[in-house]
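First the structure, in the form of structure tokens, and then the observations on it.
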Amino acid sequence: MDILALNCGSSSVKYQLYSWERREVIAKGVVERVGIGDSFISHEVPGREDYKSEHDCPDHTVAIELIIRTLSDEKVGVVKAMNEISAVGHRVVHGGEKFSSSVLITDEVLQGIKDVQHLAPLHNPPNIMGIEAAKKVLPDVPHVAIFDTAFHQTMPEEAYMYPLPYEWYEKHSVRRYGFHGTSHLYVSKRAAVLLGKDAKDCNIITLHIGNGASHAAIRGGVCIDTSMGLTPLEGAVMGTRCGDIDPAIPTFIMEREGYTAKEMDSILNKKSGLLGVTGKYTDRRDIGEGIKAGDKRCKLANDIEAYRIKKYIGAYMAALGKVDAIVFTAGVGEMGAEIRQQALEGLEALGIKVNKELNLKTRTKKAEVEISAPDSPVKVFVIPTDEELVFTEDVVGILENTYSDHMSFEYSFKSKDYERK
């Protein structure tokens with residue numbers, strides 16, 4: 001059984017083909033610049049040279065056709081025919097309150113996703129385009145939706161409701177939803193295994209830090225709070241998103257600069273965060289080089305990000321009461337040793353002791369590493385995320401009618417015998 005995972009953005013389609021029998025990724029890649037010209041596919045197969053080919057993709061249907069054709073190509077492909085693909089899993093950013101778990105895509109489900117697309121106008125429309133395109137290209141296989149927001153649907157009202165006019169929630173569904181759910185699910189389950197406990201007996205803070213960043217407080221295996229809100233704009237400092245700010249700032253600047261609401265939304269999402277402070281960088285490696293060269297704004301951006309992470313750790317420790325572990329994951333969480341060190345410094349009074357030498361040499365995309373000191377009451381882990389594996393296992397569970405909520409469902413990575421290949 002080969003499962004194709006698709007992640008459709010406005011101008012890209014990321015994909016991964018996973019062999020369920022062999023329990024391994026057999027191919028992955030991305031089609032870039034969909035609908036904007038000069039599009040191309042980058043295709044990776046373990047043990048082979050990477051393949052890249054230019055191909056005009058005016059829309060998502062053509063992009064997905066290109067992916068299928070590449071996967072089944074005689075020279076660079078990994079399957080003989082399209083019918084070897086048993087099912088397709090689709091990343092859907094926003095499920096609103098309608099979806100609290102992954103689900104087989106029916107006409108009713110697709111309409112439900114469309115009904116909440118106003119909550120994620122930058123993300124859900126391309127997700128929907130991808131679903132519709134893939135169903136055209138692969139009409140005879142099951143399609144499954146996996147929602148970024150689903151894992152966070154266990155939050156209590158006091159965590160997800162905003163102190164705003166209540167009718168906004170009733171009429172427009174304004175509340176905290178949270179994102180990166182599959183990542184928080186995966187690394188929290190893995191942390192429980194590393195602690196030698198059942199997930200229901202663990203309190204964990206998960207820090208997903210990449211170009212987009214979100215944090216979660218997980219009590220007894222389920223999410224009780226998370227940093228992103230109605231949209232992915234709230235919370236931590238990100239590459240181009242501002243995260244938490246005084247909500248009066250946008251109207252203050254709009255009055256003085258004459259920006260429209262659409263222009264301000266673009267500034268907060270695409271021109272703020274680390275890019276806004278440095279004026280030129282979103283990549284933490286570039287910021288690190290800037291710091292070495294004496295760029296004060298690079299240092300400021302770095303300090304703001306680390307300080308905000310530290311504040312979230314403290315806030316979530318207060319919310320959880322007792323914390324068993326803190327987990328760093330995603331690109332920066334896995335590779336950004338300096339950010340981790342700076343965010344954790346000075347927290348010894350809270351029971352967090354870091355093995356500085358081990359942390360600073362830990363940069364990993366595969367290995368799981370404990371970077372806390374042996375006598376640290378709170379363990380600190382770097383755990384590379386594997387959202388695609390969650391995708392795949394959800395799809396297989398739905399196909400085999402064994403799927404249930406994540407606390408009951410037997411994910412392979414919940415086992416102490418699980419090994420990441």
Side-chain angles (χ1 to χ4, degrees), residues 93-94 96-97 116-124 148-149 152 155-180 207-217 223-282 287 296-319 339 343:
V93 167
H94 216 307
E97 292 185 317
V116 298
Q117 66 179 317
H118 65 287
L119 297 174
L122 298 177
H123 298 89
N124 268 36
D148 269 20
T149 50
H152 304 296
M155 287 187 290
E157 278 188 307
E158 63 268 24
Y160 72 69
M161 285 298 295
Y162 290 112
L164 295 167
Y166 195 78
E167 58 265 28
W168 291 5
Y169 170 66
E170 295 175 308
K171 291 174 62 178
H172 305 296
S173 304
V174 173
R175 52 156 284 183
R176 180 181 306 282
Y177 290 99
F179 300 89
H180 298 134
L207 306 168
H208 177 108
I209 311 170
N211 194 44
S214 68
H215 312 321
C223 179
I224 65 157
D225 202 356
T226 191
S227 58
M228 284 181 168
L230 171 71
T231 75
L233 183 60
E234 188 182 0
V237 176
M238 299 171 237
T240 64
R241 299 184 195 130
C242 61
D244 297 331
I245 60 168
D246 180 342
I249 292 173
T251 53
F252 175 83
I253 293 297
M254 287 167 71
E255 289 177 357
R256 280 151 181 79
E257 297 288 342
Y259 293 129
T260 65
K262 188 173 182 180
E263 287 171 333
M264 178 54 68
D265 182 74
S266 178
I267 291 168
L268 296 176
N269 275 286
K270 299 179 180 179
K271 299 179 181 179
S272 299
L274 300 174
L275 177 62
V277 178
T278 65
K280 50 191 172 184
Y281 298 133
T282 61
I287 292 172
K296 292 182 179 179
R297 283 169 60 179
C298 283
K299 185 177 186 307
L300 177 60
N302 177 84
D303 292 350
I304 292 171
E305 180 173 32
Y307 178 66
R308 295 288 188 92
I309 294 169
K310 182 175 295 189
K311 283 177 66 176
Y312 264 104
I313 291 171
Y316 285 169
M317 290 189 83
I339 281 284

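In what follows, every heavy atom counts, from backbone to side chain, and hydrogens, waters and symmetry copies are set aside. Sequential numbering from 1 along the given sequence is applied to the chain's residues.
Judged by distance alone, with hydrogens and angles left aside, the side-chain atoms of E263 form a donor-acceptor pair with the main-chain N or O of T260 at under 3.5 Å.
For the pair N269/T240, no side-chain contact is recorded, criterion being any heavy-atom separation below 4.5 Å from C-beta on. Side-chain contact between N124 and L119: absent, with no pair of heavy atoms (C-beta onward) separated by less than 4.5 Å. Within the 4.5 Å cutoff, the side chain of E234 has heavy atoms near those of the Y162 side chain. Between I245 and P250, the closest side-chain pair of non-hydrogen atoms falls below 4.5 Å. Between H172 and H118, every side-chain heavy-atom pair lies at or beyond the 4.5 Å cut-off. Side-chain contact between L268 and L233: present, with at least one pair of heavy atoms (C-beta onward) separated by less than 4.5 Å. In this structure, R308 and D244 have side chains that are in contact, with non-hydrogen atoms separated by less than 4.5 Å. No side-chain heavy atom of Y281 sits under 4.5 Å from any side-chain heavy atom of L274.
The distance from atom CD of E158 to atom CG of D225, rounded to the nearest 0.5 Å, is 9.0 Å.
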Item to complete: Before giving the answer on salt bridge (Lys or Arg N to Asp or Glu O under 4.0 Å), spell out for R175 and E157 the whole-Å C-alpha distance, their side-chain angles and the decisive distance to 0.1 Å.
Response: CA-CA 9 Å; R175 52 156 284 183; E157 278 188 307; over 6 Å; no
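The cationic group of R176 does not satisfy the cation-pi geometry with Y160, failing either the under 6.0 Å distance to the six-membered ring centre or the 45° limit from the ring axis.
For K299, the NZ atom is loosely surrounded, since the number of other residues' heavy atoms within 6.0 Å does not exceed 12. At most 12 non-hydrogen atoms from other residues, nucleotides or ligands lie less than 6.0 angstrom from OH of Y307. Surrounding CD of E170 are more than 12 heavy atoms belonging to other residues, nucleotides or ligands, all under 6.0 Å away.
Ring centroids of H94 and Y177 are separated by less than 6.0 Å, placing the two rings close together.
Here the options are Y316, F179, Y312, the test is ring pair (Phe, Tyr, Trp, His ring centres under 6.0 Å), and the partner is H215; only Y312 passes. Of the residues listed (I249, T251, I253), the one engaging M264 in a side-chain contact (heavy atoms from CB on, under 4.5 Å) is I253, and it is the only one.
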